[in-house]
Every structure is written in C-alpha cells, then in structure tokens.
Chemist: 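The following block contains the structure, expressed as structure tokens.
By convention in this document, chain letters (A, B, ...) are assigned in the order of the sequence lines, proteins followed by strands, and residues within each chain are numbered from 1.
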Amino acid sequence: MPRNEIIKRILLSLAAGLLLSALISEFSYIFLRTPQDRGPQQIVLVVPAGTAERVAHGEAEPSIPADMIFVVGDTLVVKNQDNVAHRLGPLFIPAGAEASLKLDTIASYAYECTFRPGQYIGLDVREATTLRTRLVGILFGGLPMGALFAVYAVLGIPYKKKTE
Amino acid sequence: MRHFVIVGVLVAILTPLTYIGLSSAHMMPVEASAQSQIVDQMWNWDMMAVSFLLALIVVPMFYSLIVFRRKKGDTTDAEHVEGNTKLEVTWTIIPLITVLVFAYLGAYTLGETRIADPNAMVIKVRAQQWSWSFEYPDGFTSTDLHLPKDQQVVLKMQSSDVIHSFWVPEFRIKQDVLPGRVTDYRITPDMIGSYKVRCAELCGTSHAYMEANVIVTSQADYKAWVADQVAAAQALAAIPGPNAARGEKIYEQYCRACHSIDGSKGQSPTWRGLYGSTVELNDGSAVVADDAYITESIKQPAAKVVKGFDAMGFNPVNAGVTDAQIADLIAFIQTLK
Amino acid sequence: MAHLNKSDALRQGIIIFVFLAVLTALEFFIAVTLEAVALLVVVALVKAGLVLYYYMHIYKLSQEADDEDEDRHSLAYKTATNRLGLWLFLLSDSFVFGGLAVARFNLLGLTRPELNQLLGLAVTSVLLLSSFSMNRAEVSMEHGDRKNFLLFTVLTFLLGAGFVAGVVFVEWPTAIAEGVTPSANAAGAIFFMMTGMHAFHVLTGLIFLFVIWNNGRRGVYTQEKHWGVEAATVYWHFVDVVWIFFYPALYLIGKLI
Amino acid sequence: MKKIFSSTLARGLLWQAVGWLVGALFITGIRALMGLQAIDASKFFFTEPAWVFGGLLGALFFIGGSGIVSDWFKWAKGEETSEHHEDPAGGEKYFNLSLDHKVIGIQYTLLALALFVIGGTFALIFRLELAHSGLQLLTLQWYNTLMSLHGILMIIGILLGVSGVINYLVPMLIGAQDMAFPRLNAFSYWVAVPGAVLLLSSLALGGFDTGWTGYPPLSARAPVGMQMFFLGVFVAGWSSILGALNVIASVIRMRAKGMTAFRMPILVWAAIATSLIALTATQLIGLSFQLVMFQRLLGMGFFDPAKGGNPVLFQHLFWFYSHPAVYVFVLPGLGVISELLPVFVRKPLFGYRWVAMSSLGIALVGFLVWAHHMFTSGMNDYLRVPFMYSTLLVAVPTGVKFFSWVATLWKGKIETPTPMLFVLGGIIVFLLGGLSGPPNATVATDLHLQDTYWIVGHFHDTIFGGYVFPFFAAIYYWFPKATGRRMNETLGKIHFWLMTPSFLVLTLFMMRIGLLGMRRRIADYDPALGFDWYQLIMTIAGFTIALSVLIFFINFFRSMKHGEKADGNIWNSRSPEWQVPSPMPVHNFDQPFEVVGEPYDYGLTDAPYIKFAKSTHK
Ligand code: HEA
Ligand code: HEA
Ligand code: CUA
Ligand SMILES: [Cu+2]
C-alpha cells in the first residue's frame with residue numbers, strides 16, 4: 001500500500017477518534033459540571049461595618065463564610081467597610097480601603113483573619129475544569145480511539161488500486 | 001444451523017441464571033449512604049454485561065468441546081474455514097457500542113455521586129501514620145467520626161506524612177489523603193449504625209490497623225453528642241497550666257497509634273514507666289527521660305533515637321502539636337507509672 | 001549525504017548550521033521579549049527537524065527497508081540492520097527525556113528557575129558547534145578524507161568536553177550560588193536531574209568519539225565500511241536534539257519563579 | 001567442580017560481589033573524608049549511599065567481569081570477532097555465555113521459573129499468615145516485605161518468561177538462524193541476573209514496605225532495602241528494553257523470503273506488539289524509580305510536598321509503564337493460545353488478520369489508559385472520564401481475540417493433550433480476568449473496588465490466564481524441540497486438574513472478600529468481618545497450586561532424560577520449526593525456506609506453508 005494512502009487513513013482515523021471522543025466528553029461533561037468549572041474571576045468579600053465589635057463578642061458576622069472556594073487564577077478583593085483596620089493572612093486592609101490577593105496555586109490556605117471569631121478563614125483554591133482541561137480530556141480519549149481505528153483502517157480494509 | 005440454535009438457547013438461559021446467582025450472593029456490603037445506592041446500580045449494570053459476555057464465550061466453547069471432539073482414529077483435518085469479515089466487523093462494532101454505552105453510564109453515575117449540597121457540613125480530617133483525627137465545625141477534635149443521618153458532609157482531608165486513603169466499605173466511596181494538599185470526600189449517610197473507616201492505601205508498618213469508628217446517628221442524637229463534646233472540650237481547656245487529662249486527649253489524637261501506655265511492646269517505645277527512667281540510645285549512650293529529653297524527642301524526633309528502634313517517623317510539630325500541648329503530654333506521661 | 005559531492009556536502013552542512021544558529025538566536029529573542037511558549041516550541045521542532053533530516057539523515061532508514069531480495073550477508077544489509085537497531089535505541093532513550101520533560105512541566109508549570117541566561121546560551125552554542133564539526137567529520141569520512149575526519153572528530157570531542165565542563169563546572173556552581181540547589185526545591189531538583197542526565201549522555205558520546213577516533217587513526221574505517229562513525233555521529237546529533245528541547249524548557253519557557 | 005566456578009554465572013556473581021564491596025568502600029571513604037557519617041554500626045554497617053553505589057557498581061562489574069561484553073570491547077579496539085561461538089555440550093551451556101537464541105531462550109525460561117518459585121514460596125508464606133486473623137507467623141514489616149517482593153519477583157519473572165518464549169521461538173518461526181544482534185541478546189539475558197540478585201538483597205537490608213508500586217512519600221522513608229528494590233528493577237529493565245529492540249529488528253529484517261506481514265505466524269505479531277511496548281514504556285518505570293532514589297540520596301524534592309514536589313507525579317510516571325506492562329505480560333501468552341488452537345482443532349485460526357490487528361490495537365490503546373489506576377489518587381476529577389472510556393476501549397480488540405478463538409473451536413476436530421488443556425484453561429481464566437476489568441474501569445464502581453482484594457483477584461486471573469497457563473502450554477508443546485523428548489501426559493494432566501480448580505477457588509474468593517471490605521496489603525484483618533474461613537480455604541488453594549507446580553517440575557526435569565522420544569512433528573503442525581527434526585539443529589534451518597502458502601491452512605490438501613530451497617543450488 002503506497003505511503004500516502006497509509007498516512008491518509010491514519011489521519012482520517014485519528015480525526016474520527018477525536019471527534020467521537022469530543023462527543024462523549026462534552027456529553028458526559030453535562031453530568032460533571034460543578035460551580036467551580038469557570039474561568040478565573042474577581043471575587044469580592046465585603047467586611048461590613050461593625051464586624052470588629054461582633055468578633056470581639058465572639059459572634060460571627062453572617063455575611064462572611066468560614067470557607068471560600070476559588071479557582072486557580074481568581075483574585076480575592078477584600079473591601080473593608082468597617083471603621084477598624086483588618087488583616088487577612090498577608091493582606092493589611094486599612095478601614096474603608098480594599099486590597100486584593102492573587103490565588104494562582106492549587107492549595108488550601110488557612111489564613112488568620114481579624115473578621116472571623118475563630119481568627120481564621122479557609123481559602124480553598126481548586127483546579128477548575130476549564131476548557132483547556134476538557135480539550136486535554138478529549139485528547140486523552142481521542143488518541144487511543146484514533147489509534148485503534150487507524151490499526152483497523154490501515155491493516156483491516158484491503159487496498160484496491162485505483163487502476164483495477 | 002442446529003448448533004447455533006442450541007447455543008443461542010443455552011446462552012439465553014445461562015445469562016439470567018448467572019446474573020440472578022450473582023445478585024443473590026449479596027456481593028456488596030450493606031448500602032449505608034445515598035452514594036452507595038448509585039454505585040451499586042452501576043455495579044449491577046456491570047454484572048449484567050459480565051453475565052451475558054461470560055455466557056456468550058463459555059457456552060459455545062464448552063459446546064464445541066463436547067460436540068466437535070475429534071472422533072477416535074480420525075486423522076483428517078476439520079473443515080477449512082478461514083474467517084468471515086462480516087462477522088468480524090459485527091463483533092468489533094457491537095462491543096464498541098457497548099463500550100460507549102458503558103462510558104455514558106459511567107459518566108452519569110460518577111456525576112450522580114458528586115452532586116454537591118451547598119450547605120453540606122465541613123469536617124476537617126487529619127490522617128497520620130496509623131491514626132485518624134476529625135475536627136468538627138464546632139471547634140473540638142475527636143478520634144471518632146460522628147455523622148448525622150441524611151445530611152451531606154464534606155470531609156476536607158489532609159495527611160501529615162504519607163498517602164493514606166479514607167474508605168468506609170458501607171459508603172462505597174474511597175478517596176486518597178495526600179500530604180501537602182486537601183482532597184474532598186463528599187458523602188450523605190442514610191442508615192443509622194456504626195461502621196469503620198479503614199485506610200486503603202499502604203502507608204507503612206501498621207497500615208492494617210489504621211482504622212477509626214464511624215457512627216451514624218439521628219440528627220437529634222448527633223446534636224446532643226456535639227453539645228457534650230463542646231462542653232467537655234471547653235471544660236478541659238479551662239484548666240490552667242499543663243494538665244494530664246488534656247494530655248491524654250492529645251495522646252489519643254496524635255500518639256496512640258504507635259505508643260502504648262500499658263507497657264506492651266510494639267513498633268515504638270511504650271510510655272509506661274518512661275518518665276524519669278534511663279533510656280538507652282542507639283549510639284550506646286544513655287539519658288534520663290526528664291522533661292527536656294521528652295520535649296526534644298517530640299520537637300526533633302531524629303535527634304536521639306531509642307536503642308532497637310528506627311527514628312520516630314512522625315513529626316508532631318508540623319502535624320500541628322503546639323508547645324502548650326507538649327506540656328500537657330508531659331504531664332500525662334508523668335502519670336504513667 | 002554520500003550522493004552529494006564533497007563541496008556540496010560542505011555547503012549544505014554550513015547552511016544547516018547557520019539556520020540552527022539563527023533559530024537559536026531567534027529563540028533567545030522571543031523568550032526575552034514575547035515569552036510566547038507556542039512559538040518557542042515551534043522553533044525547537046523546526047531545529048530538531050533540520051538536525052534529524054540533514055545531519056542524522058533519518059531518510060536512510062526507509063531506503064534499505066524494502067530491499068527484499070538483498071543478500072542477507074552483504075555489508076549493506078548488515079549496516080541497514082545496525083542502523084535500524086540504533087534508531088530503535090534512540091526512540092527508547094527519547095522516552096526517558098520525554099518523561100523528564102513531563103516531570104518539569106508537571107512540577108513547575110509555566111514557571112522556571114532563575115538561571116544565568118548568558119551561560120545557557122554559551123553552552124548551547126558550544127553544543128551546536130560540536131554538531132557542525134561532527135557533520136564535517138562524517139562527511140570527510142564519507143569522502144575517504146581520513147585526515148579531516150580525525151581533525152573534526154577531535155574538534156567535536158573538545159567542544160563536547162567543553163560543553164560538559166561548562167555545565168558541570170560552571171553552570172552548576174553558579175546555579176547553586178544563586179540558591180538553585182538540588183535539595184532546595186523542585187525547580188533545583190529538576191534542573192540538576194535534566195542537565196545531569198543530558199551531561200551523562202554527552203559523556204557516553206565522548207567515549208564513543210574517542211573509540212572512533214582511535215579506530216580511525218589506526219585505519220580501521222574505509223570510505224565504504226565505517227558503520228562506527230555513522231553510529232557515533234547519529235548518537236551525537238541525538239544528544240544535541242535532546243538539548244534543542246531541554247534548553248528552552250529550562251531557560252526560556254515560563255515566568256521566573 | 002572447576003567448571004562450575006569458571007562458568008559465566010559464577011564469574012559474574014563473584015565480580016558483582018567484588019564490585020559491590022569496592023563501590024561501598026569507595027563511598028564510605030569519601031564520606032569519611034567529607035566528615036559525614038561513614039559507618040552505621042546499628043543498621044547495616046554501610047550507609048545507604050554506599051549500599052546504592054555499591055549495588056550499581058556490582059551490577060556493572062557483573063557485566064564486565066562475566067565476559068558478556070568482551071566482543072564489544074574487541075570491536076571498540078578495532079579487532080574482529082569470530083561469528084561462530086561453540087557452546088559446551090550438556091546442561092553446562094546454560095550457565096555460560098552463548099550466542100545461540102535457543103540457549104538464551106532456555107536460560108531466560110529457567111531464570112523465570114526460578115523467580116516464579118521464589119515469588120510463589122513468598123506467597124505461600126504470607127498466605128499462611130493470612131490463613132487466620134491476628135498475627136501468628138510474621139511481623140508487620142516481614143509481611144510487607146514478602147508481599148512486595150512476591151509482586152515484583154513474579155512480575156520480573158513474567159518479563160523473563162516472556163523473553164524466554166519469544167527469544168526461543170521467533171527466529172525459528174520467521175526462518176532465521178538467530179536474532180539480528182546475538183551479542184545484544186546474550187547481554188539482555190545476563191543483565192537480568194544481577195538485577196534479580198539486587199532484588200533479593202533487599203531482604204537482607206531491612207526489606208521495604210511499599211508493595212511493588214513503591215509510592216512516595218512512603219518509599220522515600222522506607223528502609224535501605226527500598227533502594228535495592230529500585231536498583232534491581234532499574235537493572236532488570238535494561239534486559240526488557242534491549243530484548244525488545246532485538247526482537248523488533250529481527251522480525252523486520254530477518255524474515256524468510258515470501259513471509260509478508262499477514263503470512264507470519266500469529267505469535268510473531270504478538271511478539272512485535274509486546275516489544276513495541278517494552279522498548280519504549282519501560283524507560284518510565286526506570287525514570288520514576290531513579291527520581292525517588294535521588295530524592296532519598298540527595299534530598300531532591302521531586303515528590304516531597306514540603307519542597308514543592310508532587311507525589312501524584314510519581315504515580316503518573318509509574319503507571320505510564322505499569323499498565324502497558326500488563327499487556328506486555330499477556331500479549332505473548334494470547335499469541336501462544338492463537339498459535340496452538342489451530343493445531344489441536346485441525347482448523348485454520350479464524351480471522352487471522354483481525355487477531356493479528358487486535359494484538360497491535362491492544363498495545364497502542366494500552367499506552368494511553370494508565371490513569372485508571374489513579375481514580376482515587378486525587379488526580380484531576382474531570383480527566384477520569386476520558387481515561388474511563390479509553391480503558392474500556394481495550395475490551396474491543398480483546399473481545400475480537402475471544403470471539404475468534406471460539407469461532408476457531410467451532411466445528412473443529414478437537415483433541416485435548418496437555419498443551420491444549422492449558423490453552424483452554426488459559427482462555428477461561430483470562431476471560432474471568434478480563435471481565436473483572438470493566439467494573440474497575442467505570443470510575444464510580446472503582447471508588448469501591450480500588451485497593452481491595454477484588455483487584456488482586458482481577459490481576460491474578462488476567463496474569464494466570466494471559467501468562468502462566470499459556471507459558472505452561474508453551475513448555476509442554478515446544479519441550480520436544482529443545483530436548484527431542486516429550487513430557488509425560490499423565491503428570492501433565494494431574495498438573496492441570498490440580499491447578500485450575502484450586503486457582504479458580506483462590507481468585508473467586510479473593511474477589512468475594514474484596515467486595516465485602518478486605519483491603520489489599522494488610523497482614524491482619526478484623527475478625528468481625530468474618531473472612532477467616534475464606535482465607536483458610538484460599539491458603540489451602542494456594543498450596544495446591546504450589547503442589548501442582550511441584551509436579552510440573554518433577555515432570556519437567558525427569559522428561560529431559562527419561563521422557564518418551566519425540567524427534568518428529570509430533571503435533572502434526574504446519575509451523576516451520578516442526579518441519580525439521582527435534583532437538584532443533586544449532587542453525588535452525590540448514591537451507592533457508594520460502595513461504596508459499598498461508599500459515600494455518602489446515603483442512604486444505606497440498607497447500608504447504610513453507611518450501612525448503614533445493615539443497616542442490618545453494
Ligand atoms: C496481567 C494483565 C492484565 C490485563 C490483561 C488487564 C486487563 C484489564 N484491566 Fe487490569 N490490572 C492488572 C493486570 C491486567 N489487567 C494489574 C496487575 C492490576 C493492579 C496493579 C496494582 O495495583 O498492583 C490491574 C488493575 C486494574 C485497574 C485499577 C484498579 C484499581 O487499582 O483501582 C483497572 C481499572 O480500570 C483495570 C482495568 C482493566 C481492563 C478494563 C482490562 C481490559 O484489558 C480487559 C478486557 C477484556 C474483556 C473486557 C473481556 C473480553 C472481552 C469481550 C468478551 C468483548 C466484549 C466486552 C465488553 C464490551 C466489555 N485493571
Ligand atoms: C506472575 C504473577 C503472580 C503469580 C504467579 C502469583 C501467584 C500467587 N499469588 Fe500473587 N501477586 C502478584 C502476582 C502474582 N502472584 C502481584 C503483582 C501482587 C501485588 C503485590 C502488591 O500488592 O504490591 C500479588 C499479590 C498477592 C496477594 C495479595 C497480598 C496483599 O495484598 O497483601 C496474595 C494473597 O493471597 C497473592 C497470592 C498468590 C498465590 C497464593 C499465588 C500462587 O499461585 C503461588 C503458587 C506457588 C508457586 C507457583 C511456587 C511454588 C512452587 C514450588 C515450591 C515448587 C517446588 C520448587 C522447586 C521445584 C525448586 N498474591
Ligand atoms: Cu494509612 Cu494505610
Ligand atoms: Cu491498568
């Protein structure tokens with residue numbers, strides 16, 4: 001079988017494999033989507049006025065969650081509307097000002113913070129299933145399928161010369 | 001043609017028989033979580049396919065072994081049949097379709113097991129060489145995992161040393177616990193009872209014994225239990241200065257997996273009679289087990305190693321043991337005569 | 001290259017070398033300005049393609065593959081089998097370097113350790129030069145010019161030794177001085193493992209060069225029968241191709257940690 | 001007696017010991033000079049780096065000292081070496097360097113059987129421990145070490161057994177006089193011996209407790225024996241890589257005239273598919289072990305989270321080899337099944353072309369499915385889905401093999417001497433193993449099955465069905481080619497009828513208790529689980545298998561001298577090696593043959609497969 005015929009069949013098989021895998025992956029993605037599957041965003045956390053006193057009395061400020069889940073690449077912006085300066089891990093936020101924290105490594109931070117009774121807040125940075133991950137998934141599914149189709153296409157289907 | 005019919009009938013009989021046989025053999029442990037029903041549903045689909053495929057291969061095989069045996073003295077070859085492309089194509093395409101169907105079922109089932117309830121309760125799990133400890137949202141820590149029925153809980157798990165794996169057979173779900181990273185374990189227990197979490201990833205010498213109790217109770221019982229624990233923890237915390245009872249709680253949480261307190265020999269030195277005794281070290285020297293020695297053994301485990309043992313593989317400081325807790329531990333060790 | 005006469009072969013060797021040098025400079029420029037990862041990968045692939053086709057003459061593999069009724073004991077047949085064996089070994093060895101590249105990108109992602117760029121460019125140029133002189137050596141042997149073969153083999157040896165010395169005795173100490181040590185962090189560990197494994201292969205290449213130089217000196221090779229020389233040449237260029245991928249992966253791709 | 005000590009094996013082992021000592025002393029000297037701790041009296045006298053460098057140097061000294069590379073040194077010095085290498089007569093040649101692929105094939109097989117026995121005996125020991133809950137016989141460390149060594153010795157044993165079968169048969173099947181690179185072939189065998197010695201030496205150095213998978217961070221803190229495990233597998237890996245290289249080169253370059261791709265015996269297809277994987281993927285297990293070794297020796301933080309390392313990276317690198325490796329284990333065995341079925345059914349292999357393609361398909365698809373061993377490891381959640389359906393995809397070509405075997409049996413004239421019994425047993429057992437694969441592949445179910453005895457049952461079925469049964473079938477079938485005698489049929493049947501039922505009990509019980517909560521790699525289990533009597537029966541089944549293997553060995557060694565004479569084509573096979581008398585002449589075919597027909601045209605009159613060139617015109 002001439003070489004370009006083989007190459008044609010291999011390429012066709014790989015394309016078929018990738019297409020089929022794309023179909024399955026995207027279809028199964030419907031079941032597997034989670035709220036964290038989004039591109040990086042800016043997330044604002046507001047520290048309302050009077051939080052400092054509440055914390056002093058050991059009460060929690062309801063609008064501030066104990067744990068926040070982020071996606072790699074997110075930026076956390078803390079707006080301090082309290083009349084007292086606050087700290088969040090490395091961030092120092094004077095009263096009335098705001099500061100931002102870039103979260104670009106997969107990790108779970110336990111930062112001390114002055115606006116929660118436990119003096120601690122959990123920031124969980126997740127690897128999101130972005131489009132790039134789904135493309136990698138299609139590649140991982142498509143290549144083996146393409147390889148199998150290629151073996152059958154090249155060796156299975158006999159080659160009839162155009163002239164016959 | 002007759003042969004085909006017989007084989008077809010036999011396959012049609014054997015498949016349901018195998019499936020019923022398998023499903024009546026209670027292959028799986030009791031279903032104690034919402035996720036376990038979903039996983040077992042997928043398992044049953046798998047068993048249906050396995051039963052059919054087993055019959056599809058075994059029946060014609062044994063049929064041939066009986067019916068197409070070589071007659072005595074017949075030295076001629078059998079009928080020259082080289083192949084049949086149409087048949088080959090069919091038994092490539094049909095399995096491919098079956099595979100795609102199972103891919104869909106698998107993805108669907110996986111999606112179902114990962115449905116997240118936004119206000120699930122968060123419990124922090126710390127795994128270390130050969131014990132589990134659970135930190136509840138209400139601020140106390142226990143070596144037992146109490147869970148309320150019908151409420152989803154998310155275990156945020158992290159290891160202090162090697163890879164472990166959190167697995168409760170009755171819940172079906174298993175998730176590795178990694179050092180340096182948090183992994184999630186989402187479960188919704190739906191059957192009251194007491195189970196065991198068993199570490200499923202080889203983590204060294206006492207991997208077999210790395211277990212803890214998992215007790216699923218009603219919402220009310222759970223709230224009552226939490227109230228007692230909070231009260232007990234606060235009472236304990238209120239006692240000033242190094243305290244043996246507090247030390248015992250810390251011992252149970254971090255050290256019980258390796259150190260016995262009743263004098264029995266094991267992987268590591270027993271604490272009974274340790275305080276004030278002279279300890280022989282592996283470089284031949286000996287030292288009196290006073291506060292300083294014990295504090296050093298805890299803070300730099302590899303500094304002085306007891307004769308006949310490997311260095312203590314667990315580093316209490318980076319597992320989160322504070323100085324105050326060390327003082328409590330020493331107080332507790334002093335009581336062990 | 002055997003079909004080309006001596007001067008055409010020389011010209012082709014030089015053209016390829018110039019191409020490689022220009023592309024390396026381009027790579028360095030892209031990294032410093034645009035930090036375009038995709039572009040760096042494409043340039044590396046082009047450089048590798050040039051070396052594989054012109055310097056390693058990979059096409060020789062398919063020429064002899066379909067000589068069905070060739071006499072099994074002839075020299076040409078044996079050489080073709082040896083050539084297939086060598087390329088299979090290179091395919092296998094490339095999986096080691098592939099694994100190291102996967103480890104580099106898994107651990108460091110699109111970040112890279114702080115390395116001395118000039119030193120990196122220097123050792124890369126030395127290795128590129130050695131590839132060119134290796135090509136000159138092989139072409140000389142293919143035209144029966146033993147004197148030049150020996151001269152260029154020695155030159156390649158010295159350049160290769162220079163590369164290893166540059167990496168081990170200059171780059172490693174400077175990296176350590178700047179805090180990039182094997183045991184400090186993953187970046188240091190990856191840097192030393194990748195450059196270490198590559199330097200080890202350059203060392204084995206140097207031994208191979210000494211063997212063919214020694215045999216060449218004692219007249220073992222002739223214009224028709226010099227499989228040892230071809231093997232050493234292809235192996236040397238393979239080690240250069242590995243560096244064509246390792247150099248951007250370590251020095252150019254990704255933001256500084 | 002003198003001959004024993006001058007044999008290649010003895011000289012090699014001696015040089016290995018010398019090299020080990022020299023290497024260890026060298027490092028100890030350097031450490032003393034650098035003021036580091038040189039002697040570690042409480043443990044194993046030498047420090048870990050000394051043991052590791054010593055082990056490596058020992059392996060290199062074995063290679064240098066035993067003389068297996070002397071020809072290459074001559075070439076490097078520009079000297080010519082003789083093509084003919086006379087082997088001493090009798091059993092002695094198996095302890096000495098030989099370039100004859102038949103001798104090397106038998107050497108591989110004997111070493112494989114030796115590792116099989118040692119690994120099997122370890123299994124019996126820890127099965128004794130598992131017979132009852134509670135610790136009776138072993139300490140926890142000893143259990144972990146014996147279990148881990150059982151796994152790796154068996155796996156290296158498989159790689160050697162596979163090389164043995166392929167090296168012995170492939171040149172005969174393709175009509176060549178020997179492999180493309182005979183010296184490389186000898187080197188590939190001999191390099192496995194120091195590897196095996198290194199593996200066993202871990203017993204004396206504190207053993208290791210990580211299983212054959214050796215995941216860090218646990219393997220980064222295991223005793224010194226861990227390094228010997230890494231080094232042993234690293235060295236044995238060279239044998240597998242270079243062996244595969246030789247097979248591919250030989251099949252591409254040295255086939256008989258007229259033997260086109262689809263006229264090769266089916267086992268040659270399997271050998272090619274296996275070698276493609278072994279040639280390339282094996283490097284990754286070498287690399288992953290090398291990275292952990294350097295993490296232990298120099299603190300390089302590849303897998304240490306405190307230094308920015310990623311333990312899951314090790315699992316990716318390790319499984320990238322270790323899944324394709326399992327197809328390296330079984331593809332030759334499936335090739336043996338496809339080769340032997342037509343002979344005992346007197347009917348062509350059904351769909352030869354499709355069976356040949358399925359071997360290649362399994363090999364190629366098998367390359368990209370490794371992460372199904374890591375579903376619970378904390379890898380990217382979403383990527384588990386593509387790995388699920390690519391793993392299931394492997395079932396399609398495997399299914400083609402099964403359906404073709406059944407179609408070959410259909411309407412055949414079946415007779416069942418011992419080789420055929422093992423072939424049929426292999427098909428059934430491999431089917432059980434294969435069908436227990438997909439439930440692991442569907443992620444949700446694997447969350448329950450991972451690291452339980454269900455998986456142990458799955459892979460013992462697939463390994464026994466895909467390797468052990470066909471390996472025994474191959475020995476019973478091709479024994480006459482090597483010795484000119486056949487093995488005793490009754491003993492063979494006893495071996496089969498003792499091994500198969502007890503094996504099925506062993507693995508089905510493994511699957512049963514695995515589903516109910518029995519974890520892998522535990523020396524002791526909770527009596528409340530109620531597994532005690534299951535485990536007792538499994539231990540008895542394990543011993544019955546060992547007994548049947550003992551009967552096989554008795555038959556194997558006795559038949560060499562006293563077996564019934566069998567120098568002709570006793571199975572009436574069309575395959576080339578049976579067209580010449582047994583034992584096989586040293587140069588296989590005195591005159592080369594030409595392929596003129598199809599390999600499996602049973603049932604056709606005068607349709608020969610091969611035709612020998614008239615000896616008159618050479
Ligand atoms: C020895 C050879 C061997 C073979 C051939 C296989 C074959 C397969 N294996 Fe197995 N496996 C191992 C050896 C092997 N395995 C080992 C050693 C381990 C554990 C390693 C360790 O952890 O120590 C393991 C573990 C293992 C896991 C990881 C489990 C875990 O640790 O969580 C998984 C998950 O997908 C898996 C799946 C499969 C599949 C899908 C196949 C498929 O190739 C099987 C395909 C065959 C069939 C399906 C039957 C015949 C087909 C038909 C009749 C056609 C129709 C069928 C369908 C449409 C489904 N295996
Ligand atoms: C080729 C592969 C192979 C083979 C043949 C076997 C054979 C056996 N294996 Fe296994 N096994 C593995 C590969 C294999 N195994 C692997 C890869 C693991 C995983 C390890 C890990 O988790 O890391 C494992 C793990 C494993 C476990 C799980 C251990 C654990 O997780 O804690 C168990 C438990 O029962 C077991 C049992 C057995 C038994 C009873 C046999 C029996 O078949 C053995 C029978 C005995 C013999 C075959 C030899 C004895 C013969 C004689 C004594 C004859 C006389 C001698 C002379 C003539 C000199 N094996
Ligand atoms: Cu923790 Cu096993
Ligand atoms: Cu696998």
Chemist: How many angstroms lie between CD1 in D:Ile414 and CZ in B:Arg70, if you round to the nearest 0.5 Å?
Modeler: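 Going from the CD1 atom of D:Ile414 to the CZ atom of B:Arg70 covers 10.5 Å.
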
Chemist: With a 4.5 angstrom heavy-atom cut-off, which part of D:Thr408 approaches chain B: side chain, backbone, both or neither?
Modeler: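 Neither; nothing under 4.5 Å.
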
Chemist: Check whether the side chains of D:Arg346 and B:Thr76 place a donor and an acceptor atom closer than 3.5 Å, and report yes or no.
Modeler: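 Side chains of D:Arg346 and B:Thr76: no pair found under 3.5 Å.
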
Chemist: Given a strict heavy-atom distance threshold of 4.5 Å, which part of D:Val385 is in contact with chain B: side chain, backbone, both, or neither?
Modeler: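 Contact with chain B: side chain only.
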
Chemist: Do you know which of D:Thr391, D:Thr376, D:Leu449, D:Asp209 has the most heavy-atom pairs with chain B at a distance under 4.5 angstrom?
Modeler: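 Sorted descending by pairs with chain B, the first entry is D:Thr376.
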
Chemist: Mind ranking D:Phe403, D:Tyr602, D:Tyr525 by heavy-atom pairs under 4.5 Å with chain B and telling me who comes out on top?
Modeler: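 Ranked by heavy-atom pairs under 4.5 Å with chain B, first place is D:Phe403.
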
Chemist: Against chain B, label D:Thr452 side chain, backbone, both or neither, depending on which of its atoms sit under 4.5 Å from a heavy atom there.
Modeler: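 The answer is the side chain of D:Thr452.
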
Chemist: D:Pro348 versus chain B, heavy atoms under 4.5 Å apart: side chain, backbone, both or neither?
Modeler: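 Contact with chain B involves both backbone and side-chain atoms of D:Pro348.
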
Chemist: Chain B heavy atoms under 4.5 Å from D:Asp524: which part of the residue, side chain, backbone, both or neither?
Modeler: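 Both parts, backbone and side chain.
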
Chemist: Output a table of donor-acceptor pairs, distance under 3.5 Å, between side-chain atoms of residues 432-441 of chain D and any protein atom two or more places apart or on a different chain; print 'none' if there are none.
Modeler:
{"from": "D:Ser436", "atom 1": "OG", "to": "D:Leu432", "atom 2": "O", "distance (Å)": "3.2"}
{"from": "D:Ser436", "atom 1": "OG", "to": "D:Gly433", "atom 2": "O", "distance (Å)": "2.6"}
{"from": "D:Ser436", "atom 1": "OG", "to": "D:His458", "atom 2": "ND1", "distance (Å)": "2.9"}
{"from": "D:Asn440", "atom 1": "OD1", "to": "D:Trp454", "atom 2": "NE1", "distance (Å)": "2.7"}
{"from": "D:Asn440", "atom 1": "ND2", "to": "D:Ser436", "atom 2": "O", "distance (Å)": "3.1"}

Chemist: Do B:Tyr63 and D:Leu409 come within less than 4.5 Å of each other through their side chains, counting heavy atoms only?
Modeler: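 No - every pair of side-chain heavy atoms lies 4.5 Å or more apart.
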
Chemist: Checking D:Asp451 against B:Ser165: is there a side-chain donor and acceptor pair closer than 3.5 Å?
Modeler: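 No, D:Asp451 and B:Ser165 have no side-chain donor paired with an acceptor closer than 3.5 Å.
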
Chemist: Highest number of heavy-atom pairs under 4.5 Å with chain B: which of D:Ser404, D:Ala395, D:Pro311, D:Ala306?
Modeler: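 Among D:Ser404, D:Ala395, D:Pro311, D:Ala306, the one with the most close pairs to chain B is D:Ser404.
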
Chemist: Under a 4.5 Å cutoff for heavy-atom pairs, which residue among D:Asn310, D:Val345, D:Thr416, D:Thr213 has the most contacts with chain B?
Modeler: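 Among D:Asn310, D:Val345, D:Thr416, D:Thr213, the one with the most close pairs to chain B is D:Thr416.
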
Chemist: Chain B heavy atoms under 4.5 Å from D:Ala523: which part of the residue, side chain, backbone, both or neither?
Modeler: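 The backbone, not the side chain.
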
Chemist: Checking heavy atoms, do the side chain of D:Met147, its backbone, both or neither come under 4.5 Å from chain B?
Modeler: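 Side chain only.
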
Chemist: Examine whether an atom of B:Glu201 lies under 4.5 Å from a heavy atom of chain D, and if so say whether it belongs to the side chain, the backbone or both; otherwise answer neither.
Modeler: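 Both parts, backbone and side chain.
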
Chemist: Please state whether the side chain, the backbone, both or neither of D:Pro223 comes within less than 4.5 Å of a heavy atom of chain B.
Modeler: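 Nothing of D:Pro223, per the 4.5 Å heavy-atom cut-off to chain B.
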
Chemist: Using heavy-atom distances under 4.5 Å, tell me whether B:Gln35 contacts chain D through its side chain, its backbone, both, or neither.
Modeler: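 It is neither, since no heavy atom gets under 4.5 Å.
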
